[in-house]
Amino acid sequence: MISENTDNKFESASDVLQRIFNTDSSLGSELLSESDRYAAVTAATFPKPQYTRVIACANQKGGVGKTTTTVNLAAALAEAGMRVLVLDMDPQGNASTALGIEHASGTPSIYDVLEGRYTIEQVVQTCVDFPSLDVVPSTIDLSGAELEIANLDDRVDLLRNALSYYLRSSGKKYEYIFIDCAPSLGLLVLNALRAAEEALIPIQAEYYALEGLGQLLKTIQLIQMSYNPSLRVAMMLVTMYDRRTSLSHEVYEEIQQHYPSLLLETVIPRAVRISEAPSYAQSIISYAPRSAGAIAYREAALEIAKRGVASRTEQ
Ligand code: ADP
Ligand code: MG
C-alpha cells in the first residue's frame with residue numbers, strides 16, 4: 001500500500017516544482033520560462049517615443065499575420081500605457097473584428113474618410129478592452145474604393161491628409177499609429193505606405209516565406225523615392241514560428257542573414273489561442289493574457305518600443 005505517491009504528500013511546493021521541471025521534460029522547462037517571461041515583460045517599462053510612430057504592417061501575401069500582428073502589438077502597447085490608434089485599411093475588416101469594433105457594411109468607416117464624407121474624428125471608435133486604444137474601422141464597402149479614388153489627383157495622399165488633419169484638429173495624441181494593410185500592392189496599400197514612416201513586415205515561417213519579399217521591398221523603395229522619403233522598412237517579424245520544426249529555424253536564420261538589422265529577435269509562435277481570439281472579438285492580450293502568444297506579442301511590442309527610441313537617438 002505504501003507507494004511513492006504517499007511520500008509526495010510531504011514534498012514542499014518547491015520540491016514539487018523541482019521534481020517536475022528539473023527533468024529533461026522540455027515542456028516543463030518551457031512552462032517555467034514562460035512564466036518567467038510573463039513576469040518580466042509585464043513588469044517592464046515601455047519607453048515612450050518622443051513623437052508619434054506611424055507603422056504600416058504590410059506584406060502583399062495574404063495570411064502571413066499582418067492583421068494578427070497589428071491587433072496584438074496595438075493591444076500590448078495599449079496595455080503598457082501607450083495611446084494607440086489602429087487604422088484598418090483592409091476591406092475584410094479583420095482588425096476591426098479582432099478588436100471588437102462595429103464594422104457592418106454602412107458603418108461610418110475609413111472608406112468614408114478616404115472619400116471625404118467623414119473625418120477620422122467622426123468614425124473613430126474605442127476598443128472596449130483597452131481605453132487607450134482607438135480604432136478606425138473598415139467595412140467591406142472599402143473594396144470599391146480603389147476604383148472610386150483612382151482618378152483623384154491626390155489619390156495616394158488621401159489617408160495621409162486625413163490623418164494629419166485629424167491629429168491637428170482633434171487634439172488627440174498617440175504614441176503609436178498602426179495601419180493594417182490589405183494583401184496587395186494596390187492604391188490602398190500605397191495610401192498606407194504614404195502615411196507611414198515605418199513599414200513592419202510580418203513573415204510567416206514557412207517554405208515560401210521569402211518569395212515576394214524582394215518585390216515588396218522594391219515597391220517600398222519606389223514609394224520612398226517618389227512619394228515618401230521618410231518611409232523606411234524598419235522591422236521584420238517572423239510569425240507562426242513552430243519551434244519543433246527545423247524549417248521555422250531555417251527561415252529565421254535566412255532572414256537574419258539577409259536583413260540582420262531589420263529582423264526582430266522575438267518570434268511569434270504558432271498557437272491555437274492566437275487564431276481563436278478574433279472569434280471572441282478580442283486580442284490575444286485580453287483573451288489569453290498568460291498564453292505563449294500573448295507573451296510573445298508583448299515581447300515584440302517591447303522590442304519595437306526600445307528600437308524606436310534607440311534609432312532616434314542614433315540619428
Ligand atoms: P494577414 O492579415 O496577413 O492576411 P492574419 O493575421 O489574418 O494574416 O493571419 C492569417 C491566419 O492565421 C488567421 O486565421 C490567423 O488567426 C492565423 N494566425 C496568425 N498568426 C497566428 C499564430 N501565431 N498562430 C496561429 N495562427 C495564427
Ligand atoms: Mg489581414
Side-chain angles (χ1 to χ4, degrees), residues 30 34 37 55-76 86-101 103 109-110 135-140 142-143 145-146 178-186 188-189 191-193 196 199-213 215-216 219 235-245 247-249 251-252 264 266-301:
E30 246 171 54
E34 225 167 66
R37 283 168 54 207
I55 304 174
C57 198
N59 190 331
Q60 78 274 31
K61 274 196 190 186
V64 298
K66 289 182 290 298
T67 301
T68 307
T69 295
T70 303
V71 161
N72 294 314
L73 288 178
V86 169
L87 300 168
D88 190 347
M89 279 289 279
D90 185 346
Q92 299 295 321
N94 295 337
S96 309
T97 304
L99 290 168
I101 300 293
H103 70 108
S109 71
I110 197 79
V135 183
V136 175
S138 120
T139 65
I140 192 67
L142 183 63
S143 53
E146 295 224 344
F178 284 94
I179 311 174
D180 186 28
C181 294
S184 77
L185 290 175
L188 289 177
V189 178
N191 264 273
L193 293 172
L200 164 62
I201 305 178
I203 301 173
Q204 185 180 348
E206 46 132 30
Y207 187 64
Y208 294 112
L210 298 185
E211 200 187 55
L213 192 56
Q215 197 195 350
L216 175 61
T219 306
M235 294 164 293
M236 295 179 179
L237 174 65
V238 172
T239 64
M240 295 180 242
Y241 187 95
D242 185 344
R243 69 171 71 219
R244 292 163 308 181
T245 69
L247 179 63
S248 275
H249 186 67
V251 168
Y252 186 90
L264 296 180
T266 311
V267 295
I268 306 301
R270 181 179 280 283
V272 175
R273 302 193 115 189
I274 292 183
S275 55
E276 279 171 3
S279 53
Y280 296 89
Q282 282 186 55
S283 68
I284 188 71
I285 308 297
S286 49
Y287 172 66
R290 287 172 175 268
S291 65
I295 295 169
Y297 268 116
R298 284 193 195 92
E299 288 172 340

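Atoms within a ligand are numbered from 1 in the order they appear, just like the ligands themselves. Quick note: residue numbers are just sequence positions, from 1.
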Open item on the list: Does anything in residues 286-297 form a side chain to side chain donor-acceptor pair (under 3.5 Å)? List the pairs, not counting sequence neighbours.
Closed with: Thr69-Tyr297, Asp129-Ser286, Glu276-Tyr287, Gln282-Ser286, Ser283-Ser286

TODO: Identify the two heavy atoms, one from Met89 and one from Asn191, that lie closest to each other, and give their separation to 0.1 Å.
DONE: CE-CB, 3.9 Å

TODO: Could you tell me the separation between the CD atom of Gln215 and the CG atom of Asn59, rounded to the nearest 0.5 Å?
DONE: 10.5 Å

Task: the Mg ion (ligand 2): protein N, O or S atoms [distance under 2.8 Å] - done: Thr67 OG1

Task: From Ile201 atom CD1 to Leu216 atom CG, the distance as rounded to the nearest 0.5 Å - done: 4.5 Å

- [ ] Walk me through it: do Arg270 and Gln204 pass the test side chain to side chain contact (heavy atoms under 4.5 Å, CB included)?
- [x] CA-CA 10 Å; Arg270 181 179 280 283; Gln204 185 180 348; 3.4 Å; yes

Task: No-hydrogen, no-angle side-chain donor-acceptor test under 3.5 Å, Thr67 and Asp180 - done: yes

- [ ] In sequence, state the C-alpha distance, the side-chain angles, and the governing distance for Ile268 and Ile274, and then conclude on side chain to side chain contact (heavy atoms under 4.5 Å, CB included).
- [x] CA-CA 10 Å; Ile268 306 301; Ile274 292 183; 3.9 Å; yes

Open item on the list: Let me confirm one number: the CD1-OG distance from Ile101 to Ser138, rounded to the nearest 0.5 Å.
Closed with: 12.0 Å

- [ ] Run through ligand 1 for me and note each protein residue having a heavy atom under 4.0 Å from it, chain first, then residue number.
- [x] Gly62, Gly63, Val64, Gly65, Lys66, Thr67, Thr68, Met240, Ile268, Pro269, Arg270, Ala271, Ile274, Ser275

Task: Results of side chain to side chain contact (heavy atoms under 4.5 Å, CB included) for Glu299 - residues two or more places apart only - done: Arg37, Val41, Thr266, Ile295

